[in-house]
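Just so we're on the same page: letters track the sequence lines, and every chain starts at 1.
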Amino acid sequence: MPELPDLSAFSHNLQKKLKGKTIKNISIHTTKKLNASRGEFEQALKHQTIEKVERNGKELYFTTKDGTVFALHLMLRGQLFVDNKEHKSAVVEILFDDDTRFVMADYQGLATIRLNPEEPDAPDALDGQVTLKYFSDKLAGTKATIKNFLLDQHNLRGIGNAYADEILWDARIAPFSICSKIPEEQVKDLYHSIRKVLTHAEKQILQSNPDIISGEVRDFMLIHNANRTESPDGAKIHQKMAGGRKTYYTDEQDLYK
DNA sequence: TGGCATGTTGGCGA
DNA sequence: CTCGCCAACATGCC
């Protein structure tokens with residue numbers, strides 16, 4: 001449920017909490033698709049010291065001093081805790097040498113942990129390698145709708161359902177526009193809106209929730225927000241299902257077909 | 001109360 | 001091959 005800006009905020013705070021701590025024990029309880037055995041995880045991570053925590057797409061990457069990485073994906077319902085409580089649906093528990101306990105829980109059992117994930121095939125939405133040229137070339141070559149394009153992690157990684165709507169409104173492009181039909185000028189607007197909306201959201205989240213490491217903050221959203229009926233400029237917000245997800249948009253957004 | 005919200009995967013049909 | 005859509009996963013929330 002948390003999206004890119006939430007995850008960026010979590011990584012910021014987790015790094016503050018966990019950097020320099022050494023893993024005493026790691027236990028993996030339930031997860032359907034591990035890319036290594038429990039023994040391999042333990043072997044690779046025991047006695048390792050956390051060097052940095054960063055967001056990569058919709059995952060959090062934890063890198064240790066020797067360069068080993070484990071990646072957490074919260075999927076729909078994953079939650080993170082740094083505390084000493086028992087968590088009923090813990091997926092992964094990591095105990096550090098100072099008895100700090102870090103838990104990823106998910107009652108739905110979909111959250112995952114991966115050891116040394118391979119290089120992803122698409123860049124992170126905020127990565128410097130996503131240039132305007134990369135972005136516009138990619139759009140020119142696809143006939144899908146722009147909303148589906150933004151959600152497809154094979155194009156850009158990190159954007160989810162809620163922020164896709166916020167970004168498209170910011171760029172004034174209708175979600176059902178065909179990628180290859182969007183004019184150059186609007187592609188440029190969209191490119192800048194991606195960065196603007198996502199980085200601004202992270203700032204707002206950290207401002208209102210300075211210590212956040214789990215959950216999501218949505219109250220500042222302008223369009224993808226069940227509590228709002230109108231955009232900031234007074235246009236009625238429409239709702240429509242697309243790909244099984246609810247899409248919010250207004251008539252201020254131009255449709256390119 | 002019960003439908004909605006979320007991401008990913010894999011399968012189906014156009 | 002491309003694209004849209006659907007089901008499945010499971011439960012807290014309004």
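Here A/E3 pairs with A/R218 in a salt bridge; the nearest charged N to carboxylate O distance falls below 4.0 Å. A salt bridge links A/R55 to A/D124: at least one charged side-chain nitrogen sits closer than 4.0 Å to a carboxylate oxygen.
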Discussion item. Go through it in stages, so that I can follow the logic: the residues are A/D189 and A/R172, the test is salt bridge (Lys or Arg N to Asp or Glu O under 4.0 Å), and I'd like the CA-CA distance, side-chain angles, deciding distance and then a yes or no.
Written reply: CA-CA 9 Å; A/D189 290 345; A/R172 301 297 193 274; over 6 Å; no
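Both key distances under 3.5 Å define a Watson-Crick or G-U pair, and stretches of 3 or more such consecutive pairs in DNA chain B run B:2-5 with C:11-14, B:7-14 with C:2-9.
Interface remark: the A/R77 side chain does not form any donor-acceptor pair with the C/dT11 base, using a distance-only criterion of under 3.5 Å.
A/R157 comes within 4.0 angstrom of nothing in the nucleic acid, heavy atoms only.
Between C/dC6 and B/dC4, the distance separating the two P atoms is 14 Å to the nearest Å.
Comparing C/dA10, B/dC4, B/dT8 by their nearest atom to the side chain of A/Y107 picks out C/dA10. Here the nucleotide nearest the side chain of A/Y248, chosen from B/dG7, C/dC9, B/dA5, is B/dA5. With B/dC4, B/dT8, B/dT6 as the candidates, the nucleotide lying closest to the side chain of A/M75 is B/dT8. Of the candidate nucleotides B/dT8, C/dG12, C/dC9, B/dT8 has the atom nearest to the side chain of A/R245.
Between the NE2 atom of A/H224 and the C1' atom of B/dA5 there is a distance of 8 Å, given to the nearest Å. Counting to the nearest Å, the C1' atom of B/dT6 and the CG atom of A/L110 are 10 Å from each other.
The shortest distance between side-chain heavy atoms of A/K19 and A/V53 does not fall below 4.5 Å.
No side-chain N or O of A/S231 forms a donor-acceptor pair with one of A/D233 less than 3.5 Å apart. A/D170 and A/H192 share no side-chain donor-acceptor pair at under 3.5 Å.
For A/H73 and B/dG7, the shortest distance from a side-chain N or O to OP1 or OP2 is not below 4.0 Å. Taking side-chain N and O atoms only, A/K246 has a distance below 4.0 Å to OP1 or OP2 of B/dA5.
Contact check of residues 134-155 of chain A against DNA chain C (heavy atom, cut-off under 4.0 Å) returns A/T142, A/K143, A/A144, A/T145, A/N148.
Among A/Y248, A/Y249, A/W169, the single residue meeting the ring-ring contact (aromatic ring centres under 6.0 Å, His included) criterion with A/H224 is A/Y248.
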